[in-house]
Structure formats: structure tokens, C-alpha cells
Amino acid sequence: MQLLKYKEFYFILYILLVNLFGFSIMLIDKYKAKKNKWRIKEQNFFITAAIGGAAGVLLGMTMARHKTQHKSFYIGIPILYLLNISYVVIYFVYFSI
């Protein structure tokens, strides 16, 4: 058994789950905004994006057309997306040695 394969599997699973979470909270916040109910703090979107969920948050932003007029979102989330890509590249380069 190669331990490296298990680490890669769990890393990819983590990335998928955190992106699904980011996508979900964006859609939930859009729904709540339409119903004039409680809202998810913007800080939570950025934290989720920073820990690997930027693709999900960005996809949720574009699909739900939510938070697209906020400068901090249309600039900040794509920057975090690029950082997330670098996390993945660094992870696989580091563990492939």
C-alpha cells in the first residue's frame, strides 16, 4: 500500500467538500436575501474561499448572480481562486518528490 495515494485522495476529497460548501453558502445567502431573512457574514465567504473553496464561492457568485457588484468580491474571490490553484500545485509538487 502506498500512503501517498491515500493522502492525495483525502486532499482531493477535502477540496471537493470545501468547494461544495462554498457554493452552497452562496446559494443559501442569495435565497435568504430574497426572503429578507438572516444573512451569512461576508467574512465567512472569504474564509471559505481562503481555505480552498474559492472555486465554489466563485461558481456560486456567477450562477446565482450574487455579490457580483461588490468590489471586494469580484476582485478578492478570483485572487483567492488563483491562490487556491497554487495550493494544489504546491501540494502535488511537494508530495510527488
Side-chain angles (χ1 to χ4, degrees):
M1 291 187 164
Q2 294 179 345
L3 187 59
L4 183 62
K5 287 185 179 180
Y6 291 111
K7 288 180 183 179
E8 291 168 348
F9 170 75
Y10 290 118
F11 179 75
I12 291 169
L13 181 64
Y14 168 77
I15 294 296
L16 289 173
L17 290 175
V18 76
N19 278 291
L20 180 63
F21 177 74
F23 180 75
S24 299
I25 62 172
M26 188 60 75
L27 295 181
I28 290 168
D29 192 55
K30 175 68 175 192
Y31 174 79
K32 295 293 185 174
K34 286 183 175 182
K35 300 293 182 181
N36 291 323
K37 296 193 176 187
W38 62 270
R39 301 289 301 278
I40 298 171
K41 293 180 182 178
E42 291 184 354
Q43 171 184 343
N44 293 337
F45 295 114
F46 284 102
I47 290 171
T48 303
I51 62 170
V57 172
L58 189 60
L59 186 62
M61 275 177 59
T62 55
M63 287 186 67
R65 288 183 262 161
H66 188 51
K67 304 270 188 203
T68 57
Q69 299 298 313
H70 296 260
K71 192 172 187 177
S72 61
F73 276 85
Y74 73 77
I75 293 174
I77 299 299
I79 289 171
L80 289 172
Y81 175 70
L82 293 174
L83 284 173
N84 285 184
I85 291 172
S86 66
Y87 298 161
V88 173
V89 169
I90 289 169
Y91 179 84
F92 282 108
V93 167
Y94 177 74
F95 283 109
S96 67
I97 294 174

Under a 4.5 Å side-chain heavy-atom rule over Ile, Leu, Val, Met, Phe, Trp and Tyr, are [X] and [Y] clustered together?
X: Tyr31; Y: Leu20; value: no
X: Ile47; Y: Met26; value: no
X: Leu80; Y: Tyr74; value: no
X: Phe9; Y: Leu17; value: yes
X: Leu16; Y: Phe92; value: yes

Shortest non-hydrogen pair, Ala64 vs Lys30, comes out as O-CE, 3.4 Å
On a heavy-atom basis, the closest approach of Thr48 and Phe21 is OG1-CE2, 3.6 Å
ring-ring contact (aromatic ring centres under 6.0 Å, His included) partner of Phe11, the single match among Tyr87, Tyr94, Tyr91: Tyr91
Starting from Phe23, walk the hydrophobic network (Ile, Leu, Val, Met, Phe, Trp, Tyr; side-chain heavy atoms closer than 4.5 Å) and list everyone else you reach, by chain and number. Leu27, Leu59, Met63
Partners of Lys67 by side chain to side chain donor-acceptor pair (under 3.5 Å), sequence neighbours excluded? Glu42
Polar side-chain atom of Asp29 near backbone of Ile25 as donor-acceptor pair, under 3.5 Å: no
When the ring planes of Phe46 and Phe73 are compared, do they come out parallel, tilted or perpendicular, using 30° and 60° as the limits? tilted
Applying side chain to side chain contact (heavy atoms under 4.5 Å, CB included) to Ile85 and Tyr81, what does each step give before you reach the verdict? CA-CA 6 Å; Ile85 291 172; Tyr81 175 70; 3.4 Å; yes
